[in-house]
Amino acid sequence: MKLSQYPLKTYKDTPAEAELTSHRLMLRSGLIKKLASGLFTWMPLGLKVLKKIENIVRKEMDATGALEILMPAIQPSNLWEETGRWDEYGNLLLKMSDRHNRLFCFGPTHEEVITDIVRGELNTYKQLPVNFYQIQTKFRDEIRPRFGVMRARDFLMKDSYSFHLDQSSLDEEYKKIGHAYDNIFMQLGLNYRKVRADSGEIGGSTSHEYHVLAESGEDKIGYCDEEDFAANVETIKGETAPGGGELSFARGIEVGHIFQLGDKYSKSMKCSVLDSTGKSANLMMGCYGIGISRIVAASIEQNHDKSGIIWPKEIAPFEIIIIAITKKDDEIVLLKSNQIYNDFIKLGYEIALDDRSERAGVKFAEAELIGIPFQIIVSERGLKNNTIELVERGKDGNQDISIDAIKSYFENK
Ligand code: ATP
Ligand code: MG
């Protein structure tokens, strides 16, 4: 992308309503734009980050054997009446009616819809176990939308639902998805912790959450490393860890949540198959969520400095930005910058070129604010020695590198 052809700008001023660093930086760098309370548009740079996270999640879910589907965002009330959640779910559920006065909700989660699909499609134990997942927009009418996309009303979630004949098959899948989540959060470069959790609204027994550790987190985690114990404090009854060890505390942002639902939904919705003896058996279920859009904000909470965002390269909107230090009449700097840009594009890099006629200071400040991991600075002075300057975001000092060596420098990264 050439910035001369990018119509959007960044903002110097801190938006008044943004209390959290990630929210401020996302608005200032133009990753998102607010439409109304808890509703945000993902602008081009923000969407690139969101898609990268989505793709890492998709790749790891596919590797577990889970099958991707896409369910409607709008759901009919009758399914929610079967499970009793039409009334129980409360005000988070946005209800609406169509032209025939039939009632619907905007899905905050999809247990009812997937259970309806499975009871219609599956009839024998031979089709089990199975895990369906989707990456889709959810709506929850949060009482206090805040912190930008961290607690929005419309947000992107990966939700998956597994179905089993017995508990041991559910245990196995629960473990497998737990490992996949570890792979996902490690690849995203997050400092996170898996903790025991309350299963809350959704119901069921065993449940774990994945928390990105950050001072600004809404949740409190208690842990004891000697006992390898960590839990959301909502679930901790006593003053100590289960073995009597002393608890330490940290704050976390919930980015993932896995549950064993047991037969809660399959019972109320009569979702069963024939087992090997020909008897009808209610299915056991697991469900597994990841807050994809929340991860964008959580990552910024962990990766920033006073100048802006510092993206891990796995999810940066661009890996590299070329900053052309242009003064009047120095065609050669633009020419060389374009050449490097085209070379890197051919090699498959995601690269931006700041070819605007802005002051160097403005270009540096914006590259830092947006958080691109590497800056290649092309200037008349450098070109005289056939070099460019390389700056790594978040690290001190520049390196002069010969123009002929930059490609191999990145190949070896
Ligand atoms: P929270 O406790 O933060 O309200 P939850 O426990 O109600 O979340 P789950 O039902 O577990 O949420 O949903 C799965 C994931 O979706 C959560 O772990 C979180 O990352 C994300 N998520 C939930 N609510 C929101 C929201 N309002 N905005 C952005 N992401 C959200
Ligand atoms: Mg949760």
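Note that ligands are numbered from 1 as they come in the structure, with each ligand's atoms numbered from 1 the same way.
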[X] to ligand 1, any heavy atom closer than 4.0 Å:
X    : value
T109 : no
M150 : yes
A152 : yes

State which residue, out of E60, M61, E54, fulfils the side chain to side chain contact (heavy atoms under 4.5 Å, CB included) condition with R58.
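One option only clears the test, and that one is E54.
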
If every non-hydrogen atom of V149 is compared with every non-hydrogen atom of S293, which pair is closest and at what distance?
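Smallest interatomic distance, heavy atoms only, reads CG2-O, 3.6 Å.
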
Where Q134 and M71 come nearest, the two heavy atoms and their spacing
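Looking at all heavy atoms of both residues, the closest pair is OE1-N, 2.8 Å.
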
Pair R85 + E111: basic N to acidic O under 4.0 Å
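Yes, this pair counts.
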
Between E218 and R146, is there a salt bridge with N-O shorter than 4.0 Å?
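So R146 pairs with E218 through a salt bridge.
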
I need the contact type for [X] against ligand 1. Using non-hydrogen atoms and a strict under-4.0 Å cut-off, is it side chain, backbone, both or neither?
X    : result
R140 : side chain
V149 : backbone
R294 : side chain

Taking the six-membered ring for Trp and the single ring otherwise, decide whether the centroids of F410 and F344 are under 6.0 Å apart.
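That pair passes the under 6.0 Å test.
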
Just to the nearest 10 degrees, tell me the angle at the Mg ion (ligand 2) spanned by H257 ND1 and E254 OE2.
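Here the angle at the metal atom is close to 100°, to 10°.
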
Interfacing atoms of ligand 1 (cut-off 4.0 Å, heavy-atom, G256):
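The list of qualifying atoms is 18 (O).
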
May I ask you to check whether R151 has an N/O atom sitting below 3.5 Å from an N/O atom of ligand 1?
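So ligand 1 has an N or O lying under 3.5 Å from an N or O of R151.
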
Just distances here: any N/O of E142 and N/O of ligand 1 closer than 3.5 Å?
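For ligand 1, there is an N or O atom that lies under 3.5 Å from one belonging to E142.
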
Parallel, tilted or perpendicular: which one describes the rings of F139 and F106, with boundaries at 30° and 60°?
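Ring orientation, 0 to 90° scale: tilted.
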
